[in-house]
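Report on one structure; see the data block that follows.
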Amino acid sequence: MKTTHFHTCNLCEAMCGIEIEHRGDEIIAIRGDKDDPFSRGHICPKAVALQDLHQDPDRLRHPVKRTIDGWVPISWDEALDETARRLHEVQQRHGRNSVATYFGNPTAHNHGALFTLLQFQQALHTRQRYSATSADQLPHQLAAWQLFGNQLMFPIPDIDHTDYFLVIGGNPLASNGSIMTVPDVKNRFKDLKKRGGKLVVIDPRLTETAAVASEHHFIRPGTDVYLLLSIIQVLFKELLVAPGKLDKLLDGKSDLQKLTENWTPEKVTEAVGISPEAIRKLARDIAAAPRAAIYGRVGLTTSPHSTLSAWLVYVLNIITGNLDREGGVMFSKPAFDIVALGALGGEAGSFDRYRSRVHGYPEFSGEFPVTTLADEMLTPGQGQVKAFVTHAGNPVLSCPDGGKLDTALEGLEFMVSIDLYINETSRHANIILPPTGQLEHGQFDPIFQAVAVRNVVKYTPPAFDKPEGALHDWEILNGLATRLKRLKAQTRRERLQIAASDRFMRRIKDTGIIDLGLRLGPYGTGGKVMAALKKDGLHTLPQQAWKLLRGKQKGLTLQTLKDNPHGVDLGPLQPALPERLFTRDQRINLVPALYFRALQGLPVPKTPKPDEMLIIGRRHIRSNNSWMHNSQRLVKGKGRCNVLIHSQDAERLGVVEGDDLVLSSDAGSITLPVWVADDIMPGVISVPHGWGHDRQGVQLDVARRTGGASINDVLTSKRVESVTAMAQLNGVPVKVEAAAKPKPKPRSKPKKAVADA
Ligand SMILES: Nc1nc2c(c(=O)[nH]1)N[C@H]1C(S)=C(S)[C@@H](COP(=O)(O)OP(=O)(O)OC[C@H]3O[C@@H](n4cnc5c(=O)[nH]c(N)nc54)[C@H](O)[C@@H]3O)O[C@H]1N2
Ligand SMILES: Nc1nc2c(c(=O)[nH]1)N[C@H]1C(S)=C(S)[C@@H](COP(=O)(O)OP(=O)(O)OC[C@H]3O[C@@H](n4cnc5c(=O)[nH]c(N)nc54)[C@H](O)[C@@H]3O)O[C@H]1N2
Ligand code: SF4
Ligand SMILES: [Mo]
């Protein structure tokens, strides 16, 4: 019998509602769910590929252990016991910080993992914690914490009501938005223009988003900080600073004015590549727009000076009165309030409480930057990392100097990967623990609901029953945490507590935590119970909440969501200040000390060297970081891992379409075919990340045959952002040369980048 199941796609941040038509375990079709009030039927090609993921013969279905005879299946008990025992042994031998952990991007898309990872970290108790954050959004989190008192308090563009949307270093038409959950973004942009609004894009490439924009400015990679400073300089100079109702909450306005007064458009123009007139016009247009939203994303947060740039984006919104107003950038009111819960659990944010062993890099929110991960493994001495845990990540392909990490993993005493595949990273593991696939677990998005452009909430139960003997991510993490704690427990009392907490988690399950979170949230029983919760840390919150909430059944609960399988719309974003501020004095200091110092140390912009080539990344709608490349329907056609280069540079280097280029740096070198098109700035090349699957031992049959190479084999981990030691993945100089040519080919005409979309 054919049945229809409603679900949420969890591959990117857009949370598109999908409709899965199936007969038993066989998927007949995956379509957009027209009744999802948020995504309105929109999907991208990746949603359909969920079927390939579900059926992929390469996807692991049971734990495996590496032996001299290859990978052998083992039972869950054996796998969890051995993993916990070996991690514990390494810690006993070499100290607690000898085990490192890395949580990758899909962790954020998996509520079960989010609910149990802190408990796992608490059990492991290591300072060697890493995640994709330091190759991604760390500067946004730092700025949100410094300005608004909470690292998760992200200002979200109110795209549906704005009159002027400035996108700096983001390409939502390919990525479907990030720290801005915005399904159906193309139509939302159309609506913006229909209302008479403007979409303006600042990007070194004429991207898919730039192609539909009202205005696009090429910018030299890594110079956003200078552009932003000069825009702010102009605003002060021309008396256009107008924070409006926010004014009474602000401190540091005159500091900001002083710090920016010398950054005139004339001073930055050469480095930035945008004329002084255009910079002044940008400033005036932002100021003149009735409602403007300024948004910076990955191109801005993973390039030089990202700490300052991310902060300045928020500052620019504030001083033009666009923070916390309709059509500007606003704070969400999430039903499952991770922002408030995080603060209650002591996770509002932290920076530089301690430093990493090898390079002395600062901790951020309990993590070190990925730029030091390999060195912590390779550098001998007290505290050297000897064991490694990865969860939903592929750092060999996603972190700079991936090749070095690849080597470092070979020298470990023990490694475990909680992952669906034997990929470039997990192939080094001793044990792989595969969780249920995307359609075999329920879907709830506490993070992305909190960064959505409307207040929305949705839960979908699993589309397919959990296969016999399979475990969800939360069961794996809970299982490991419980075992580790048991191994470390000293007293009978501790052991009883551990057993009780394990029983509690297994009884209430991931869905019980969703229910508790909703009932604690602003649409549930809310404030009173929240206020009564003790600050014992996030891992004990569920037990406390359970006791306090027992018997109370008011407002939004999990049942509400079960009754509304297409999701619940809670309305547009609403002004929330000052109440929502988490700063101690409920004020906003525009120039926290950290930024003051960083700005004083900011070097004058360099004049670009004539032959220097800067590398940037590139996302594509049919790819998803380093994975989903095992889906034939997504990777088919012309290979997408190539070097996009301007015809002027191609000519200088003597290459034509289809030739190979060699990119090299201290970190290593890669060879890729060229794609000549004038949709990129001269002096800049663009290469997507997450490719290069043809490595020994990788068990991704389709992906292995896609060709390409990893850009992170040529990006060095030595080049780090000066404040946070964040990865630099964009705007990095690399050496570019033509590969030795077999025979000359006729010159082909440059093609438009957008035509490939
Ligand atoms: N040069 C360059 N490098 C980059 C970037 C760039 O733009 N340029 N982008 C950076 C960014 S923004 C990010 S977020 C990172 C991403 O990098 P990572 O987070 O390190 O890796 P992913 O490619 O997302 O790999 C995800 C892995 O998780 C597994 N997986 C998928 N779903 C689940 C699940 O539900 N549970 C478990 N346990 N496993 C699952 C997949 O099989 C896959 O192996 O890359 C960063 N690296
Ligand atoms: N299809 C697809 N969707 C995805 C992903 C994916 O891999 N594929 N990954 C997901 C993840 S993990 C994330 S974090 C988001 C990221 O979402 P976005 O931030 O929208 O990601 P990108 O498409 O990489 O856009 C970054 C843009 O910055 C530009 N850029 C590079 N350097 C600079 C610079 O120095 N200054 C400026 N102004 N621009 C610069 C690039 O040309 C590029 O157009 O996408 C998510 N969605
Ligand atoms: S945009 Fe595509 S990948 Fe992202 S949630 Fe929607 S369907 Fe899934
Ligand atoms: Mo990301």
Side-chain angles (χ1 to χ4, degrees), residues 10-14 44-46 53 59-60 102-110 112-113 131-133 135-137 167-180 201-210 217-224 227 296-304 306 309 370 390-400 402 417-426 433-438 441 472-473 476-477 614-628 630 680 684 686-690 700 710-712 714-715 727 729-732:
N10 78 344
L11 295 175
C12 85
E13 301 182 29
C44 83
K46 292 188 290 305
L53 182 64
R59 181 159 68 84
L60 296 174
Y102 175 91
F103 281 78
N105 172 273
T107 310
H109 297 262
N110 186 307
S131 78
T133 292
D136 186 350
Q137 81 289 358
V167 177
I168 313 176
N171 184 12
L173 251 56
S175 68
N176 284 291
S178 181
I179 319 195
M180 168 176 72
V201 173
I202 313 273
D203 200 300
R205 179 165 83 89
L206 198 160
T207 60
E208 294 80 353
T209 307
H217 300 271
F218 285 117
I219 185 169
R220 184 154 290 107
T223 64
D224 302 275
L227 171 69
R297 206 43 202 101
V298 150
L300 177 128
T301 58
T302 59
S303 52
S306 53
S309 302
V370 289
T390 67
H391 179 273
N394 193 2
V396 166
L397 290 195
S398 51
C399 296
S417 289
I418 305 169
D419 206 287
L420 304 168
Y421 288 106
I422 303 180
N423 66 19
E424 297 68 21
T425 302
S426 61
L433 307 171
T436 47
Q438 320 316 82
H441 59 70
H472 296 305
D473 277 281
I476 298 171
L477 288 167
L614 300 177
I615 195 166
I616 62 169
R618 187 166 88 231
R619 280 179 166 74
H620 193 280
I621 192 82
R622 289 177 167 273
S623 172
N624 198 27
N625 294 320
S626 78
W627 68 298
M628 293 303 290
N630 217 36
I680 188 154
V684 183
S686 162
V687 173
H689 74 283
L700 293 158
S710 176
I711 181 180
N712 286 316
V714 72
L715 288 171
L729 308 170
N730 284 284
V732 177

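Remember, predicted model here, so these are calculated numbers, not experimental data. All residue numbers in this chain count up from 1 along the given sequence. Whatever order the structure lists them in is the order used to number ligands and atoms, beginning at 1.
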Checklist entry - Are Gln137 and Thr301 close enough that a side-chain donor and a side-chain acceptor fall under 3.5 Å? => result no

Item to check | Close residues, ligand 1: non-hydrogen atom nearer than 4.0 Å | outcome: Tyr102, Gly104, Asn105, Pro106, Asn110, Ala132, Ala135, Asp136, His391, Ala392, Gly393, Asn394, Pro395, Ser398, Ile418, Asp419, Leu420, Tyr421, Asn423, Pro435, Gln438, Asp473, Arg619, Asn625, Ser626, Trp627, His689, Ile711, Asn712, Leu715, Leu729

Checklist entry - Polar-atom distance check: Gly222 versus ligand 2, any N or O pair below 3.5 Å? => result yes

Checklist entry - Counting distance only, does the side-chain N/O of Thr209 pair as donor-acceptor with the main-chain N or O of Leu173 below 3.5 Å? => result yes

Next on the checklist: Measuring from non-hydrogen atoms of Ala174 to any atom of ligand 2, is the shortest distance under 4.0 Å?
Outcome noted: yes

Checklist entry - Can you tell me if Arg618 uses its side chain to pair, donor with acceptor, with the backbone of Ser686 under 3.5 Å? => result yes

Item to check | Distance-only N or O hit between ligand 2 and Thr207, under 3.5 Å | outcome: no

Checklist entry - Atoms of ligand 2 less than 4.0 Å from His620 heavy atoms? => result 1 (N), 2 (C), 8 (N)

Checklist entry - Which atoms of ligand 2 are found less than 4.0 Å from any heavy atom of Pro221? => result 34 (C), 35 (O)

Checklist entry - Which one holds for Ile621 and ligand 2: side chain close, backbone close, both close, or neither close, with close meaning a heavy atom under 4.0 Å? => result backbone

Item to check | Close approach of Arg622 to ligand 2, heavy atoms, under 4.0 angstrom | outcome: no

Checklist entry - Ignoring hydrogens and geometry, is there a side-chain-to-backbone donor-acceptor pair from Asn624 to Leu11 under 3.5 Å? => result yes

Next on the checklist: Distance under 4.0 Å to a non-hydrogen atom of Asp224: what atoms of ligand 2 satisfy this?
Outcome noted: 34 (C), 35 (O), 36 (N), 37 (C), 38 (N)

Item to check | Side chains of Arg297 and Ser178, donor plus acceptor under 3.5 Å | outcome: yes

Checklist entry - Given His441 and Asn110, is the side-chain contact (heavy atoms from CB on, under 4.5 Å) satisfied, shown in steps? => result CA-CA 9 Å; His441 59 70; Asn110 186 307; 3.8 Å; yes

Item to check | Trp627 vs Leu53, side-chain contact (heavy atoms from CB on, under 4.5 Å): CA-CA, chis, key distance, verdict | outcome: CA-CA 10 Å; Trp627 68 298; Leu53 182 64; 3.9 Å; yes

Checklist entry - Got a donor-acceptor contact below 3.5 angstrom from the Thr302 side chain to the Ala135 backbone? => result no

Checklist entry - Which one of Asp473, Asp419, Leu477, Leu60 satisfies the side-chain contact (heavy atoms from CB on, under 4.5 Å) criterion with Pro435? => result Asp473

Next on the checklist: Show the atoms of ligand 2 that are less than 4.0 angstrom away from any heavy atom in Ser303.
Outcome noted: 35 (O)

Next on the checklist: Evaluate Glu13 for polar contact with ligand 2, using N/O atom pairs at a separation under 3.5 Å.
Outcome noted: no

Checklist entry - Is the closest N or O pair between Lys46 and ligand 2 shorter than 3.5 Å? => result yes

Next on the checklist: Show, in sequence, the C-alpha distance, side-chain angles and deciding distance for Asn712 and Leu729, and conclude whether the side-chain contact (heavy atoms from CB on, under 4.5 Å) test is met.
Outcome noted: CA-CA 8 Å; Asn712 286 316; Leu729 308 170; 3.7 Å; yes

Next on the checklist: For Asn171, run the side-chain contact (heavy atoms from CB on, under 4.5 Å) check against His620, Glu208, Arg619 and tell me which one passes.
Outcome noted: Glu208

